[in-house]
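Below: the structure, in structure tokens.
A note on names: the letters A, B, ... follow the listed sequences, proteins ahead of strands, and every chain is numbered from 1. Fair warning: this is a prediction, and the values are worked out from it, not measured in the lab.
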Number of protein chains: 2
Amino acid sequence: MSRLAKTDADMVRVHNRLAVLDHLRRVGTTTRKLVSEATGLSVSASSAISGTLLRCGLLEELEDDERSIRRGRPGKSLALCGGAARVAALKIAVGEVTGRISDYAGRPLAELRREVDISGEDGDRLVALLAELAAALLERTGLPDLDKVVVAVQGKTHSDLSGIVWSPALKHWNIEIAAPLSQRLGADVSVLNDCSLMPEAFRWRPEFSGLDFATLFVGFGVGMGLKINGATFQGKHSSAVEFGHINHMPHGALCRCGNRGCVEAYASDYAIWRRATGGDAIPAHRISDAVMQRLADAARAGDEAARIAFEEAGIAIGYGLGRVYTMIDPLPIVLTGSGARAIDLLEPAIRTGIRESSVDGLGADAPFILVEDTDALVFDAGTAHALAALDQAFARSAAEATEAA
Amino acid sequence: MSRLAKTDADMVRVHNRLAVLDHLRRVGTTTRKLVSEATGLSVSASSAISGTLLRCGLLEELEDDERSIRRGRPGKSLALCGGAARVAALKIAVGEVTGRISDYAGRPLAELRREVDISGEDGDRLVALLAELAAALLERTGLPDLDKVVVAVQGKTHSDLSGIVWSPALKHWNIEIAAPLSQRLGADVSVLNDCSLMPEAFRWRPEFSGLDFATLFVGFGVGMGLKINGATFQGKHSSAVEFGHINHMPHGALCRCGNRGCVEAYASDYAIWRRATGGDAIPAHRISDAVMQRLADAARAGDEAARIAFEEAGIAIGYGLGRVYTMIDPLPIVLTGSGARAIDLLEPAIRTGIRESSVDGLGADAPFILVEDTDALVFDAGTAHALAALDQAFARSAAEATEAA
DNA sequence: ACCATTTTTTCCGAGGCTTGGAAAAAGTCT
DNA sequence: AGACTTTTTCCAAGCCTCGGAAAAAATGGT
């Protein structure tokens, strides 16, 4: 019925603890005084909150032996205590399951990759595979258990973070992951779409602070993540921001999703490949990075068919971005995937597409930021998402810890 | 630097007062007990806050002489005190300037319409015209002054709510409105795009509570408003959600904005008219509602050219919605403008368009809610926006009022 | 070495807002 | 008129944060 709920002292406490943790995530190491300046809290409050978090074991005081430059009592350095918790970011993709485990400070502890044909797996076996991967990761670190797990999935996921609706990596539909995996691992599990999760990787990076932007993956598929009004966008029904399936051309090229004219049907690896090689069917298997690399080299060397394929891909991406810009606003783009490696071939066409499809050509000069390692980006994003969830939980539960002291 | 700011008792007080005001806006009249139940506040707190707001003159106790049905002490009815403030919603459109003044309870007090050719006006004269309109409205009500004014504009407005970037109603660009009009009227002024403002009209309507939806205006232009994650979307750079200028067809029909293939170039009055009459130029003058009505009747009577014109309009709208749905999520649509009157001609094509352009045809069954009176919708929206701003201001300043008592 | 200076941290009382329970108020029902 | 029920008010208590004072920990100068 009513939309606005009350607030009380509890909320204030939770919010302010979160503000302190958030500041620490941004700067890595700080002092009570600096916390006070960054958050606007009084030094007394900053000191009190830091003390509580220290007693909870979330923070630790560092023994810094560097002689201070300035006069006066040097501030005691505070940092997130890595040992306070462990999180895992797992990734389900075509033909592989990968994962990274990190400590509470965000430091990676171990990474693992399993190349397996998972296409035929049902829910039970997929969960078992993920659990086994998590166990193997834990074993490498010698640590006992996990506190939070994020599963990033190629494909559409449920908006309640419970599992997979559909994935190109799997034949089965509607696979429940979160609940059974959570039971196995004894940790909270969230399942999200890999592309829409990507902006989380920049959550605490100072150069992206307060900035709205989009992440764009161009590869075997085309996907987008949106950071808007300071929050990573999540749809109500599905993982959303299906940029690859925004229609580019009515009744256009055939897309994997069954529709015609999607951006993906022009800009994904398979679309570029089939356009360059003269077909119009969807290849049964994934086009390898090596093949795409050769195709790009051919285009650079003057192969007309290849050049046109990349150009049309760029136009489709550009029109898609222009449409997004018209709706939302021009945004900087973080670009990753095989498209990032072929940016020299794509960029002019992308900018042409934006210019032709947005009012006054707005956004045609939006900056592109290239990220080479897509896997690392997804791990960073999943880890950040997991840590943010933990911070929230810890800020809430620190109430009990206060009494324990 | 840091994103999360501190919270303290002041914030709690402001937030909770706002919760009480918000509840009152939703239900109209309430009691202290009901406030407590709706907000989650204790009855003591609810009573204390109500008392403060009463002393501030924002609320009033009603003498309800109806005999209570239930046993026990009857709750004393509380309602927003209309006399606490006055707000105006002004509207700038092609060939007219209109306005409505309302009291703090949201009751309309007067409406006025000036049909004038404003196309050649510069900033000063436009501000003077608006000020004169506001003064005339005030005079009708016999009230002294305004507390908040919202100006809804056809066209693009600055995201800082300061004025107009460009409007089809005006020849001049970049007209500053808020600051000079505010100085004249002695009230805070906000300038917003009419279409993106529309969702505000439903801010406190119970059937839209907590619901994300879009408002779609189809008429002389095509515009959209977006309520998303509980907030009315506002772009960072411009008024945004330029649905009418989302590209429908690369290199397609010529649009007023200079681009080719915009949704507006297929779905607006002028687009439908020129398609039906066989031209491809943009008519110099606005197509009247009467002409559009006749065109619709012709289509219903079997005129093939007219039928196709409406069908192509529907397809363009449908593809546009499908693209939005693919990005965000399927949303209910509140439809208004001449397009709402021709919904019988448009709807099948719109749904076809959505089906062909969204993954799995998702959203093809999204509900359409028709609103006949577009002017009233904009006034409702402007008034709600103004009242929400006042509530926020009052909740903040009630601090001083506490001491005054 | 020693003391003044500077800066950070801790400690303590005060103030503000909400809470929960008790008391008061204002009706209905028998 | 008295019992009962429900709403409202009143008051002590609990949690935060804030501001200032005191303590702590380093540097710089003599």
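- Residues meeting the side-chain contact (heavy atoms from CB on, under 4.5 Å) test with A:A214, sequence neighbours left out: A:M224, A:L226, A:L331, A:I333.
- By the side-chain hydrogen bond (donor to acceptor under 3.5 Å, both in side chains) test, A:T31 pairs with no residue at all, sequence neighbours left out.
- Nucleotide C:dG16 holds its C1' atom 15 Å from the CE atom of B:M11, rounded to whole Å.
- Taking atom CG of A:L18 as the reference point, atom C1' of D:dT17 lies 17 Å away to the nearest angstrom.
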Sequence neighbours left out, cut at 3.5 Å: what donor-acceptor pairs do the side chains of residues 384-394 of chain A make with other protein atoms?
from: A:H385; atom 1: ND1; to: A:E200; atom 2: OE1; distance (Å): 3.1
from: A:D391; atom 1: OD1; to: A:R25; atom 2: NH2; distance (Å): 3.0
from: A:D391; atom 1: OD1; to: A:Y104; atom 2: OH; distance (Å): 2.5
from: A:D391; atom 1: OD2; to: A:R25; atom 2: NE; distance (Å): 2.8

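- The side chain of B:R70 places an N or O atom within less than 4.0 Å of a non-bridging phosphate oxygen (OP1 or OP2) of D:dT7.
- Rounding to whole angstrom units, NZ of residue A:K6 and P of D:dC16 are separated by 14 Å.
- In this view, A:S44 satisfies the side-chain hydrogen bond (donor to acceptor under 3.5 Å, both in side chains) rule with no residue, not counting sequence neighbours.
- Near DNA chain D, meaning a heavy atom under 4.0 Å away, the residues from residues 71-81 of chain A are A:R71, A:G72, A:R73, A:P74.
- Atoms CZ (A:R17) and C1' (D:dC15) sit 11 Å apart, rounded to a whole Å.
- Proximity of a side-chain donor or acceptor of B:S46 to a complementary backbone N or O of B:S42 within less than 3.5 Å is not detected.
- Put simply, B:N16 has a side-chain N or O that comes within less than 4.0 Å of OP1 or OP2 on C:dT18.
- Taking atom NE2 of A:H15 as the reference point, atom P of D:dC16 lies 15 Å away to the nearest angstrom.
- Per the geometry, CG belonging to B:L34 stands 14 Å off P belonging to D:dT6, to the nearest Å.
- Near DNA chain C, meaning a heavy atom under 4.0 Å from it, residues 43-51 of chain A has A:S44, A:S47 in order of number.
- Judged by distance alone, the side chains of A:S47 and A:K33 never bring a donor and an acceptor atom under 3.5 Å apart.
- Separating the CG atom of B:L53 from the P atom of C:dC17 is a distance of 13 Å, rounded to the nearest angstrom.
- Taking B:S162 as the reference, B:D160 meet the side-chain hydrogen bond (donor to acceptor under 3.5 Å, both in side chains) condition, with sequence neighbours excluded.
- Whole-Å rounding puts the A:E61 CD to C:dT8 C1' distance at 12 Å.
- A search for side-chain hydrogen bond (donor to acceptor under 3.5 Å, both in side chains) contacts involving B:S182 returns nothing, not counting sequence neighbours.
- In terms of the side-chain contact (heavy atoms from CB on, under 4.5 Å) criterion, residue partners of A:A89 (sequence neighbours excluded) are, by chain and number, A:F379, A:T383.
- The residue among B:A9 and A:K33 whose nearest nucleotide of DNA chain C lies closer to the 5′ end is A:K33.
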